[in-house]
Chemist: 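Structure below; questions to follow.
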Amino acid sequence: MQLVDNNTFLQQLGALFESTKDKGTIWLTHKRLTYDGDDAVMKEKDGGDGDREYPCMLRVTDGKKAKLSTKILSTDLDKFHSAYGTLLKVSMTTLRKRDKKREKQRAEQLAKRKQRMADPVVINGPKRGNGRRKRRRQVKAALKHEDMKERAARREEARTKQ
């Protein structure tokens, strides 16, 4: 892994984006750098460590031969992130847009199911005589509808507990 300064890192990252424009993958990693250079175990000091500002380590690789990293100090972070953000916006124009058709269908099905649960099942017709079977089917559907509402309420309750 090659440690370079911020400007060189951004230039080489732009070149890496250009080389993988048609086909390829790039992995970017951000990490807070807590290593002080000592081989000893990091020690907690009494209250003095809480206000300390740590530098940020940014790594990039294409999985093959290009491996770069840079160390960004907290004082240079705003300037670096503005340049880094513009580079990412310019370079990520070739990304594929996701297909929202399936998501839209699922959302519509969920909305229909919720609407069906909200609407009450109407029971009408005589208890005896003509239409008796139709009324029995309606009563059975109403019981099933109530059971479905109870199960949905239990699921919601379980989600809120987690």
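All heavy atoms count here, side chains included; hydrogens, waters and symmetry mates do not. Numbers for residues simply follow the sequence, beginning at 1.
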Chemist: Would you say Lys144 has more than 12 foreign heavy atoms packed within less than 6.0 Å of its NZ?
Modeler: no
Chemist: State the CZ-CG distance between Arg59 and Leu3, to the nearest 0.5 angstrom.
Modeler: 10.0 Å
Chemist: Linking Ile, Leu, Val, Met, Phe, Trp and Tyr through side-chain heavy atoms less than 4.5 Å apart, which residues share a cluster with Leu143?
Modeler: Ile123, Val139
Chemist: Provide the full list of ring-ring contact (aromatic ring centres under 6.0 Å, His included) pairs with a residue in residues 81-111, sequence neighbours left out, each pair given once.
Modeler: His30-Tyr84, Phe80-Tyr84
Chemist: Rounded to the nearest 0.5 Å, what separates atom NZ in Lys71 from atom CG in Asp5?
Modeler: 13.0 Å
Chemist: At their closest point, which heavy atom of Ala66 faces which heavy atom of Leu16, and how far apart are they?
Modeler: CB-CD1, 3.8 Å
Chemist: Output every pair passing salt bridge (charged side-chain N to carboxylate O under 4.0 Å, His left out) with a member in residues 150-162, not counting sequence neighbours, ordered by first then second residue.
Modeler: Asp147-Arg151, Glu156-Arg159, Glu157-Lys161
Chemist: Tracing side-chain links under 4.5 Å among I, L, V, M, F, W and Y, which residues wind up in one group with Met117?
Modeler: Met148
Chemist: Considering non-hydrogen atoms only, spot the tightest contact between Ser74 and Glu53 and give its length.
Modeler: OG-OE1, 2.8 Å
Chemist: What distance separates Lys21 NZ from Ser91 OG, expressed to the nearest 0.5 Å?
Modeler: 8.0 Å
Chemist: Might you point out which heavy atoms bring Leu77 and Cys56 nearest each other, and give the distance in Å?
Modeler: CD1-CB, 4.5 Å
Chemist: Is any side-chain heavy atom of Leu58 closer than 4.5 Å to one of Leu13?
Modeler: no
Chemist: Applying side chain to side chain donor-acceptor pair (under 3.5 Å), which residue pairs with at least one partner in residues 103-114 are found, sequence neighbours left out?
Modeler: none
Chemist: Does the side chain of Gln115 pick up a donor-acceptor pair with the side chain of Asp119 at under 3.5 Å?
Modeler: yes
Chemist: Which ILVMFWY residues can you reach from Leu73 by hopping between side chains whose heavy atoms are under 4.5 Å apart?
Modeler: none
Chemist: What's the shortest heavy-atom distance between Met57 and Leu33, and which atoms?
Modeler: CE-CD1, 4.0 Å
Chemist: Any heavy-atom pair between the side chains of Gln138 and Asn124 that's under 4.5 Å?
Modeler: yes
Chemist: Are Phe9 and Met92 in one and the same hydrophobic cluster, where Ile, Leu, Val, Met, Phe, Trp and Tyr link if side-chain heavy atoms are under 4.5 Å apart?
Modeler: yes
Chemist: Once rounded to the nearest 0.5 Å, what's the spacing between atom CG of Leu10 and atom CG of Leu87?
Modeler: 6.0 Å
Chemist: Kindly say whether Val4 contributes a backbone atom to a donor-acceptor pair with the side chain of Thr70 at under 3.5 angstrom?
Modeler: yes
Chemist: Looking only at non-hydrogen atoms, find the nearest pair between Arg135 and Pro126 and report the distance.
Modeler: CD-O, 3.3 Å
